[in-house]
*Asks:* 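Here it is, the structure in full.
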Amino acid sequence: MSADPRTTPAAYDAVDLIRAKRDGGALPADAIAWLVDAYTHGRVADEQMSAFLMAVCWRGLTADELDHWTAAMVASGERADLGGLPRPTVDKHSTGGVGDKVSLVLTPLVAACGAAVPQAAGRGLGHTGGTLDKMEAIPGWRADLDTGRMREILTDVGGVICAAGPRLAPADRRLYALRDVTATVESIPLIASSIMSKKIAEGTSSLVLDVKVGTGAFMTSMDDAHELARTMVRLGDRAGVRTQALLTAMDTPLGRTAGNGPEVAEAVATLRGAGPADLVEITVALARVMLDLAGLGPVAPDPAELLASGAAFKVWRAMVAAQGGDPDAALPVPAFTRVVPAPASGYLSRLEARAVGVAAWRLGAGRARKEDPVSAAAGLRWFAGVGERVRAGEPLIELYSDDESTFPRAIEALAGAVAVTAEPPAFAPLVLAHIR
Ligand code: URA
């Protein structure tokens, strides 16, 4: 039970802490613990926390303050106990991109290689998709699991994708909703602590971060992506979670699809050994880092081989069935389709990630507010990847929707997103850096 705010004397005054941060001061550990706890329990008002968060956006947090802030967010709820499982635990978190269905392939792949992967995932907001929305396109599949059932599936199958329970880092849920409406999302310490508090509370022993950088990502500059990655790796290590990060390119959407059902279909094709090269490359690179972090590097089978052999697909089927899904069920089919033709003949040299994400969102695949429903069938598929030849007038992008009226605005979002050139574009690497 939380303390009664009318009778419990405050250890600190929120206004003093806001003023101290506004003026560039550093707060002691107990002041930060008090502030996060008091806000979580309603003793510090939204307007006071909003002012504090804005002061953090301007002034930042010292490394010590950030450790205490993150620890206070973890302490606001439960820390799941995944100790004693027969396999080492390792998870992955992506900072979010367009067409990013990596978790769907990576979780069963790393489980097939011998680790336990407890993937507590989220829903999409805005132009980036969410792993749970994708999985929910599978008929019967349920996201909610308690820790007991999660442990059972991790023991029997090795991989779980589920909703982060309401008891994991509840302070983050309140803070994130407030940041969303006060223009205080874009702060590296606030993003790092938000992501890492949930991952630390989830109970994994090790973690790889896929920090996306490019026009379709949160971080559009390499410098910011490096700083975010270094900050999160440090927070993980300080909290006893072995953490490394890959910086990966997100100027172009990943694979050939965006949207919930279309991405599940592409993930399944990849698990059957017929995936697009970019998705396979990033998934295998992340799998290798995860196996190293889990201590399985020298003994685990090669993830590229297990993906090609169908071993990861077997684990996928078991994972889906363990959460009520039917791995053989047909995925939802859109009521309407439209085709956008290639504007010229030559090489596809640009397919801009953010524009594709916005188009998918406008077709119904994403939500504008947390409570909005999403369409399982809506989305896009493109027939050529960047660097491949296209011919003027032939289909380049196919759009899917349950509502015909969504097509004009989705097509409008794609204006300027595509470029076709006479020469192939310069080679662009996908994995940009490894932070450890
Ligand atoms: N994802 C999160 O979980 N938190 C942030 O602050 C940003 C992205």
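Each ligand, and each atom within it, is numbered from 1 in the order the structure gives.
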*Asks:* Look at atom 3 (O) of ligand 1 and say which protein heavy atom is nearest, naming residue and atom and giving the distance to 0.1 Å.
*Replies:*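 The closest one turns out to be Lys198 NZ, 2.5 Å.
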*Asks:* Considering both backbone and side-chain atoms of Asp172, is one of its nitrogen or oxygen atoms within less than 3.5 Å of a nitrogen or oxygen in ligand 1?
*Replies:*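 Looking only at distances, the answer is no, because the N/O contact criterion of under 3.5 Å is not met.
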*Asks:* Is it the case that atom CZ in Arg167 sees more than 12 heavy atoms from other parts of the structure closer than 6.0 Å?
*Replies:*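 Counting other residues, nucleotides and ligands, CZ of Arg167 stays at 12 neighbours or fewer.
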*Asks:* For atom 8 (C) of ligand 1, what is the nearest protein heavy atom, given as residue, atom name and distance?
*Replies:*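 Atom 8 (C) of ligand 1 sits closest to the protein heavy atom Phe218 CE1, 3.5 Å.
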*Asks:* Identify the protein heavy atom lying closest to atom 1 (N) of ligand 1, giving its residue, its atom name and the separation to 0.1 Å.
*Replies:*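 Among all protein heavy atoms, the one nearest atom 1 (N) of ligand 1 is Ile195 CG1, 3.8 Å.
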*Asks:* What is the closest protein heavy atom to atom 5 (C) of ligand 1, and at what distance does it sit?
*Replies:*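 Among all protein heavy atoms, the one nearest atom 5 (C) of ligand 1 is Tyr176 CE1, 3.2 Å.
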*Asks:* Under 4.0 Å between a Lys/Arg side-chain N and an Asp/Glu carboxylate O for Asp46 and Arg174?
*Replies:*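 A salt bridge is present here (some side-chain N lies under 4.0 Å from a carboxylate O).
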*Asks:* So, does Glu388 use its side chain to make a donor-acceptor pair with the main chain of Gly385 at under 3.5 Å?
*Replies:*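 Yes; judged by distance alone, with no hydrogens or angles, the pair exists.
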*Asks:* What residue among Thr248, Thr95, Thr283 forms side chain to side chain donor-acceptor pair (under 3.5 Å) with Asp210?
*Replies:*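 Among the candidates, only Thr248 passes.
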*Asks:* Students should be able to answer this: which protein heavy-atom is nearest to atom 4 (N) of ligand 1, and at what distance?
*Replies:*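 Atom 4 (N) of ligand 1 sits closest to the protein heavy atom Ser194 OG, 2.6 Å.
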*Asks:* Do Tyr39 and Trp69 have their ring centres less than 6.0 Å from each other?
*Replies:*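 No: the rings miss the under 6.0 Å criterion.
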